[in-house]
Amino acid sequence: MDRILIRGGHPLHGDIQISGAKNAALPLMVACLLTDEPLHLSNIPHLVDTAQMATLLAQLGVDISMTGSGEEEAAAGRMITLSVRDIRRTTAPYDIVRKMRASFLVTGPLLARCGKARVSLPGGCAIGARPVDLHLHAFEALGAQITLEDGYVLAEAPRGLKGGRIAFPFVSVGATENALMAAVLADGETVIENAAREPEIGDLIKCLMAMGAHIEGAGTSILRVQGRDRLHGATHAVLPDRIETGTYAMAPAVAGGRLTLRRTDPQLIGALIPVLEAVGVSVELGDGEVTVSSDGHPLRAVDIQTEPYPGFPTDLQAQLMALLATAQGKSHIRETIFENRFMHVPELIRMGADVTVDGDKAVITGVKRLKGAPVMATDLRASMCLVLAGLGAEGETVVNRVYHLDRGFERIEEKLGQCGAEIVRVRGDVAR
Ligand code: EPZ
């Protein structure tokens, strides 16, 4: 199993190119199931999760071709073409869905195009129980019959889906995406209330509209979809990754220095910018870029709570804690999206952080400096918290279980290394 070795204490100076967003790329790839014509997607990040999605789609009958495997093109993001004239299978097996919950997103398109889908229930995961009841509720509102058998969801609509009203009791990104992808081919109008407003939903809507879908209300919590008989092929560029942008924007606060993040959109990290300014780093916004610099003064404590977009994202909570671990005073974090998203805390404590957790709340009392240690985490963003902590810590940090990082951060050692971080990957061959 690969490990990442970091020797902390090197200020970061330079530019980082932000990749396409993982959490936009995954539903966009799935959207190819809605048409028998090719879907061309550019700025696809090269990650374990996008490769995993490609494997699942290939099993369903999708032909996938890729351009941009050279180094230069890799930096600019890959272009993939997905085409599925005929869907060969309508089953998404346990083995793939358990590894990547986003696989459940194939349910809506399969149901809409083929009238049936058999998809493994994802089950819980490290960050929480994460049920799919809202997804199933959406399919039922469009007339599908849902049965659970042998750990699989069987969704059926032999005479096709009918538009309907879907009122979500709370915001779910995945359920909104699944509902949208089912509704675009349903008969008549669907209204989705309390829809998620994450930029990745906006990106999906943009692509679906380029494929001929009719959707009103992008960026709001009420989406109105007029179903179409068929969609056609399209070309779409995946939006920049706001979590990668936000993560690297925090790095100068932790390690010192000045970083410019390019090929991104500062608006995507609108909730993080005031937090960065409040802790005491300077943020300059440009056209498609953000520059963050630290003057070396001690950081100040802040209080935040995670919320659906446009609130502070849960996917940046762990990374922010790495920063607050050395901020002067007491910071408070409340995690409102997932019930078990403080798994990085015991590892940060091993590096010398002073953090106490009580239910969904964490209190972080800043210490002067963290100390490097061997650490590991059980999810992607928690692993990145440990990388950030290592960049600022004294001595060597070894982040184990790097495959979590490879699910969502492209070439981190290269991106941080070229800005002055002492960070290397040590290859290991022990099975996961
Ligand atoms: C998406 O997960 C992201 N994943 C997550 O990113 C992100 O943390 C999350 O949205 C919140 O922003 C992808 O986009 C692939 P939800 P998703 O449905 O769609 C509960 C990362 O690190 N819920 O918005 O699965 C759920 O348990 C990841 O990249 C139900 O109860 O999240 C959670 O508490 C991790 N029933 C809350 O809603 C349902 O049917 C929000 O989850 C669905 C969700």
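All ligand and atom numbering here is 1-based and tracks the order in the structure. Here the structure is a predicted model, which means the values were calculated and not measured.
At under 3.5 Å, a nitrogen or oxygen of Ser172, whether backbone or side chain, sits near a nitrogen or oxygen of ligand 1. Annotation: Phe170 places no N or O atom under 3.5 Å from an N or O atom of ligand 1; distance criterion only. Residue Arg341 has at least one nitrogen or oxygen atom sitting less than 3.5 Å from a nitrogen or oxygen atom of ligand 1, judged on distance alone. Backbone and side-chain nitrogen or oxygen atoms of Gly174 are examined, and one is located within less than 3.5 angstrom of a nitrogen or oxygen of ligand 1. The shortest N or O to N or O distance between Asp133 and ligand 1 is under 3.5 Å. Between Pro131 and ligand 1, an N or O atom pair is found at a separation short of 3.5 Å.
No side-chain donor from either of Thr306 and Thr314 sits under 3.5 Å from a side-chain acceptor of the other. For the 3.5 Å distance criterion, the side chains of Arg401 and Ser383 fail to qualify, holding no donor opposite an acceptor. For the 3.5 Å distance criterion, the side chains of His236 and Asp203 qualify, holding a donor opposite an acceptor. There is no side-chain donor-acceptor pair under 3.5 Å between Lys361 and Thr356. Between the side chains of Gln305 and Glu307, a donor-acceptor pair is found at a separation under 3.5 Å.
Within ligand 1, the atoms closer than 4.0 Å to a non-hydrogen atom of His135 are 40 (O), numbered from 1 in the order shown. Of all atoms in ligand 1, listed by their number and element, those nearer than 4.0 Å to a heavy atom of Arg381 are 21 (C), 22 (O), 29 (O).
Protein heavy atom closest to atom 27 (O) of ligand 1, with residue, atom name and distance, is Arg130 CA, 3.2 Å.
Other residues, nucleotides and ligands contribute at most 12 non-hydrogen atoms within 6.0 Å of the NE2 atom of His46.
Across Asn178, Val132, Asp315, heavy-atom proximity to atom 8 (O) of ligand 1 is greatest for Asp315. Between the choices Val173, Thr314, Ile243, the shortest heavy-atom distance to atom 1 (C) of ligand 1 belongs to Val173. Of the candidates Asp49, Asn23, Asp241, Leu134, it is Asn23 that places a heavy atom closest to atom 14 (O) of ligand 1.
Looking at Lys22 against ligand 1, only its side chain comes within 4.0 Å, counting heavy atoms.
The pair Lys116-Glu156 fails the salt-bridge criterion, with no side-chain N (NZ, NE, NH1 or NH2) lying under 4.0 Å from an Asp/Glu carboxylate O. A salt bridge is absent between Glu244 and Lys22: the closest approach of a Lys/Arg side-chain nitrogen to an acidic carboxylate oxygen does not fall below 4.0 angstrom.
The closest side-chain heavy-atom distance from Pro38 to Leu82 is not below 4.5 Å.
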